[in-house]
Amino acid sequence: MTESASAPTRTETDSIGSLEIPDTAYWGVHTARAMENFPITRRPVSVYPDFIRAFACVKQAAARANLEIGALDEQRADLIDAACEEIKGGRLHDEFTVGVIQGGAGTSTNMNANEVITNRALEIGGHAKGDYSFINPNDHTNHSQSTNDTYPTAIKIALAFSLQNLLGELTLLADAFAAKGREFSHVIKVGRTQLQDAVPMTLGQEFNAFATTLREDVQRLEDAVALLGEVNMGATAIGTAINAPVGYKEAVIKHLRTITGLELVTAGDLVESTSDTGVFITFSGALKRSALKMSKIANDLRLLSSGPQAGFGEINLPARQAGSSIMPGKVNPVIPEAVSQVAYSVAGADVTVSMAVEAGQLQLNAFEPVIAHSLFQSITWLERACQTFRVNCVNGITANEAALEDTVARSVTVITALAPVIGYAPAAQLAKQALATNEPISDLVVKQGLLDRTQLEEILKPERLTGLPADHGVENSADSTEAVPRDEMTSEIPVVQSAQ
């Protein structure tokens, strides 16, 4: 805490003792102790706005449920409700100051939420912050609840919120690749297996494949998020529902569905649901799959654009920045490189989640804070990586058509298409000769009288070589998913225009 000694304070007390809290702060004594205990990451939970929104949704649903069953009076419930509504709208997020990594299975975050909501509710009602005799963080804002049901429920809701933004960006990225697939549908190139020349294809087919693989992951992530809909609200401490009044469990899930718009259900076995965090492994695995497939695409683009003179040089990536402090004119594929580094981080986070899930003991997993942090960071970084990949790289890719045309003309890979007509052994001999003399295969075939030029042109039509019509492309299927601007990022990454 950095408040000067002369700044006004209020005294707050917990079971350990009393602390002076800055009078302007909406957080209280429990949050203050967490700030002292966990100055580890220097990253407060507010770096994940969807998590704060989700916690506000949980507390709002609890207040409405408590009011409905008569466990909380209307005046207090309405004030708590109003404070939650403001936080859902983005207010007071900077008051969520506890670190993302914390002991206590998330108790610090739950109490941070209780205190901020309570003090804002008091303020709305005309009371001073800290007047807990009227609204108390534990007795009223946390009524019928425990960290052990509110915290995992908030994580699941926040993941569902955050995923919508990632799905939108993944879809937009897939669309960008599909657009390039259509643009490059007429460009013949040599496909490769094991980095060796294989058979002809179109550059459009290559980019369409990128679009398809990303769209597959949109579906996989949608499947994974459906598993997050089972929550344990009403379980309280270990799933036995101690201190949760009759009717609360049914009321809170009803209000939570209304508030979030999500298809949430109460777990059938609250003891199991409170102790088991296996769903986070499944979700993390889906994120890792998407990240690694994006990295594969990024690495392909680095290979295809390598050079520009001594590498593949088949495509040109947008020049984003100078590539060297010593080599003039060098430009590096910095955007694909950044995308791959995000993927490596997501893969590492998946290991963290797996270990934390396994480390849960008996009726509770104490390591949900690092699970939450790992998943939220992975989603956030993936979303941003998708956006910069699309805006600052994919949209500006061009084909080096002259180089590709020359490569295809001199490539022996077309011999595969001729083998069924002239025979495998003669085709193999021709391939060796072409490699030795650097003569085009088509010229050698005609010169040796194996086929005339008309026959050759028919066999080597682009449609026959590639197996697809020249205008083949992937349909745009993004109409139903849009990227939603986030609090912690711009809605669109700016593109710096090069001087013409």
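Between Glu169 and Arg384 there is no salt bridge, since none of the side-chain N atoms of the basic residue sits less than 4.0 Å from a carboxylate O of the acidic one. Salt bridge annotation for Lys156-Glu230: absent, with no cationic side-chain nitrogen under 4.0 angstrom from a carboxylate oxygen. Using a cut-off of 4.0 Å between Lys/Arg side-chain N and Asp/Glu carboxylate O, Lys189 and Glu206 are scored as salt-bridged. Of the charged side-chain nitrogens involved, none lies within less than 4.0 Å of a carboxylate oxygen, so that Asp217 and Arg220 do not count as a salt-bridged pair. Using a 4.0 Å cut-off between charged nitrogen and carboxylate oxygen, Arg192 and Glu314 count as a salt-bridge pair. A salt bridge links Asp175 with Arg215: at least one charged nitrogen is closer than 4.0 Å to a carboxylate oxygen.
Formation of a donor-acceptor pair under 3.5 Å by the Ser275 side chain with backbone atoms of Glu272 is found in this model. Using modelled atom types, no side-chain atom of Ser340 and backbone atom of Glu337 make a donor-acceptor pair closer than 3.5 Å. Judged by distance alone, with hydrogens and angles left aside, the side-chain atoms of Asp406 form no donor-acceptor pair with the main-chain N or O of Ala402 at under 3.5 Å. Looking only at distances, no side-chain donor or acceptor of Asn232 sits under 3.5 Å from a matching main-chain atom of Ala235. Looking at Asn392, its side chain never comes within 3.5 Å of a backbone N or O of Ile335 through a donor-acceptor pair. Under a 3.5 Å cut-off, the side chain of Thr277 and the backbone N or O of Phe280 do not form any donor-acceptor pair. The main-chain N or O of Phe312 is found under 3.5 Å from a side-chain atom of Ser306 such that the two form a donor-acceptor pair.
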Next on the checklist: Using the rule given for side chain to side chain contact (heavy atoms under 4.5 Å, CB included), can you reason through Val339 versus Trp381, listing the C-alpha separation, both sets of side-chain angles and the distance that settles it, and then say yes or no?
Outcome noted: CA-CA 9 Å; Val339 169; Trp381 286 15; over 6 Å; no
Inset, instruction - Go through the steps to decide whether Glu222 and Leu163 satisfy the test side chain to side chain contact (heavy atoms under 4.5 Å, CB included), and finish with yes or no. - result: CA-CA 8 Å; Glu222 287 176 342; Leu163 188 64; 5.9 Å; no
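Heavy atoms only, all atoms of each residue included: Ala286 and Ala224 are closest at CB-CB, 3.9 Å.
Under the 30°/60° scheme for interplanar angles, the aromatic rings of Phe177 and Phe207 are found to be tilted. The aromatic rings of Phe376 and Phe51 lie tilted to each other, with the angle between the two planes from 30° to 60°.
In summary, the side chains of Thr150 and Asn110 do present a donor paired with an acceptor at a separation below 3.5 Å, with no hydrogens or angles considered.
When each of Leu159, Leu221, Asp350 is checked for a side chain to side chain contact (heavy atoms under 4.5 Å, CB included) with Leu287, only Leu221 meets the rule.
For the pair Val353 and Leu375, the minimum side-chain heavy-atom distance is below 4.5 Å. In this structure the side chain of Pro336 never reaches within 4.5 angstrom of the side chain of Asn299, judged on heavy atoms.
Sparse packing is recorded around CG of Leu195, with 12 or fewer heavy atoms of other residues, nucleotides or ligands lying under 6.0 Å away. The number of heavy-atom neighbours closer than 6.0 Å to CD of Gln219, taken from other residues, nucleotides and ligands shown, is above 12.
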